[in-house]
Amino acid sequence: GNLSAHGVGLAWPIPGSPGARVKSSLLVAGAVALSAVFIPPQSTSAPREAPVCAACVKATMDRLAGDDLRGRKCGSGDENRAAHYLADALGDLGVKGGLPGGGYLQRVELRTPTYAAAPALEVATAGMSLRLTQGAEMVVSGPPPSLEAPLVRITDPLAPLDDVRGKIVIYDAGLNNAGATGVLKAGAAAVVVRAPDVALQHWSELAARPPGRPEVVDGVQRPPPAPGATIFVTADAMAQLARFAGGEAKLSAPRGEPLVRTTYNVIGVRHGKMGDADRHSVLLSAHYDHLGVRNGVIFHGADDDASGT
C-alpha cells in the first residue's frame, strides 16, 4: 500500500453527551483512501428506526464497485471520479466540507520512483562472468541505484555472520530463507535468496513493482526503509551463482523520472452545538480506492472498501 493521502470524514452530535461537538478531520499518509460514517445511539424509550439505509448502501456500492470506475486505482482518473462522487454525496446529506473555505477535496500529490532500465546483477571471478536481469532470472526488492561489493556465499544456516558487512551474500542454506533477514541485520549490503514458489507464481507482477514506495509531496515523511536489498533468483540462477563465491558483484538499478499522480482526501464535518464542542471529536474513516485493472481484469473492491464507504 500502497503510499497516498485521501479520504472522507463525517461527524454527528452525540445524544446524551453534554457539550459534545463532533468534528472530523482527516490527514493520512499511505496508499489508502478514507471515508466515514457514524450512527448516533438510539434512545431505548423511543421506537427504533433502522440505523442503516440499505438502499443507500447499495446505491453507493453499485456506483463505487461498478465497472464504470474500473476498480478505483489510487491516483487514477477513475479514483478521482469516485472522490468527486463522494464529495457530492456528502453535500446531498447536508454534511459540510471539512476544509478551510468549506471544500471537500484535499488534493494530494504522489511521486512513485521508477527504473530507467531493468535492474541487473553482474558477478565475476577468475575470468568468468554472469548477468542476471529483472523479470528473467531475478527480482530485486529495495535496491539502491547502484552497488558494488564482494560476493560471499553462506550454505550453513548456523554460520557466523561476522564477515558479511558491506557484502552481497548468496544465502543458499536450504529451502528456508528465514536466516536471510539476519544476514541483512548483520550489515550485508544485499542478500541473494532462492525465490519461493509463491514468488515464482507472481514473477512478472513482482518484477514490475517500482524500486520504492510512493512519497506524499509536502506530506508526512515516512522513516527510510531498512538498508539492504533482497534479490530473489530462480533455482538455476542460484546453482550458477555458487561458482562465483569469492568474486565481485555489481547491482545496478538506475532510476528514471518519478511517476506523479494526484489523489484526494474527501473530508466532511458535522458540528455539534455546545460551546466546548471543539474538545470532543469523533473521527470515522474507510478507504474508497482499490486495485484498479490488472491484466484486463477489473478488481471491483466491493468489500475493500466500497461497502465501508
Side-chain angles (χ1 to χ4, degrees), residues 1-11 24-38 52-93 95 97-99 103-114 202 204-206 208-210 212-220 222 258-269 283-309:
N2 131 23
L3 75 97
S4 71
H6 40 289
V8 180
L10 309 182
S24 78
S25 62
L26 185 57
L27 295 176
V28 181
V32 295
L34 304 180
S35 71
V37 175
F38 173 74
V52 176
C53 168
C56 302
V57 172
K58 184 178 186 302
T60 299
M61 288 186 64
D62 287 345
R63 175 58 176 153
L64 294 181
D67 288 348
D68 185 52
L69 292 183
R70 294 164 44 85
R72 315 178 305 283
K73 183 176 180 179
C74 177
S76 68
D78 302 312
E79 188 221 36
N80 291 173
R81 287 192 292 137
H84 283 82
Y85 166 78
L86 292 170
D88 291 341
L90 292 182
D92 292 342
L93 290 170
V95 177
L99 296 177
Y104 294 93
L105 299 179
Q106 181 187 52
R107 181 186 176 96
V108 180
E109 188 175 275
L110 306 176
R111 292 183 182 174
T112 302
T114 66
H202 299 275
S204 296
E205 180 182 341
L206 294 174
R209 288 186 175 181
R213 299 175 299 186
E215 296 179 355
V216 179
V217 178
D218 297 328
V220 177
R222 297 179 176 181
L259 174 65
V260 179
R261 297 172 294 155
T262 298
T263 185
Y264 294 93
N265 281 320
V266 184
I267 305 174
V269 59
L283 173 65
L284 303 148
S285 67
H287 71 86
Y288 65 87
D289 67 335
H290 197 53
L291 301 178
V293 180
R294 295 186 176 183
N295 297 321
V297 178
I298 299 175
F299 286 74
H300 296 88
D303 287 334
D304 189 5
D305 197 6
S307 59
T309 305

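Numbers here simply count residues along the sequence, with the first being 1.
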If I take atom [atom1] from residue [X] and atom [atom2] from residue [Y], how far apart are they, to the nearest 0.5 angstrom?
{"X": "Thr263", "Y": "Glu109", "atom1": "OG1", "atom2": "CD", "value": "11.5 Å"}
{"X": "Arg261", "Y": "Asn80", "atom1": "CZ", "atom2": "CG", "value": "10.5 Å"}
{"X": "Asp78", "Y": "Lys73", "atom1": "CG", "atom2": "NZ", "value": "10.5 Å"}
{"X": "Leu69", "Y": "Tyr288", "atom1": "CG", "atom2": "OH", "value": "11.0 Å"}
{"X": "Thr112", "Y": "Glu215", "atom1": "OG1", "atom2": "CD", "value": "9.0 Å"}
{"X": "His84", "Y": "Arg81", "atom1": "NE2", "atom2": "CZ", "value": "11.0 Å"}

Under 3.5 Å, is there a donor-acceptor pair between the side chain of Arg72 and the main chain of Gly301?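 Flag set: sc Arg72 to bb Gly301 pair under 3.5 Å.
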Any side-chain to backbone donor/acceptor pair from Arg294 onto Glu205? Under 3.5 Å, distance only.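 Pair absent, no side-chain N/O of Arg294 close to backbone of Glu205.
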Is any side-chain heavy atom of [Y] closer than 4.5 Å to one of [X]?
{"X": "Cys74", "Y": "Leu110", "answer": "yes"}
{"X": "Val269", "Y": "Val95", "answer": "no"}
{"X": "Leu99", "Y": "Asn265", "answer": "no"}

Residues forming a side-chain contact (heavy atoms from CB on, under 4.5 Å) with Asp67, sequence neighbours excluded: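 Per chain and number, Asp67 pairs via side-chain contact (heavy atoms from CB on, under 4.5 Å) with Ile298, His300.
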According to side-chain contact (heavy atoms from CB on, under 4.5 Å), who are the partners of Ala87, at least two apart in sequence or on a separate chain?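 Here the qualifying residues are Tyr104, Leu105, Val266.
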Nearest non-hydrogen partners of [X] and [Y], listed with the distance:
{"X": "Pro210", "Y": "Pro113", "value": "CB-O, 3.2 Å"}
{"X": "Ala65", "Y": "Ala302", "value": "CB-CA, 3.9 Å"}
{"X": "Arg70", "Y": "Val293", "value": "O-CG2, 3.6 Å"}

Step by step, would you call Val260 with Val217 a side-chain contact (heavy atoms from CB on, under 4.5 Å)? CA-CA 10 Å; Val260 179; Val217 178; over 6 Å; no
Results of ring pair (Phe, Tyr, Trp, His ring centres under 6.0 Å) for His202 - residues two or more places apart only: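 Listed in chain order: nothing, the list is empty.
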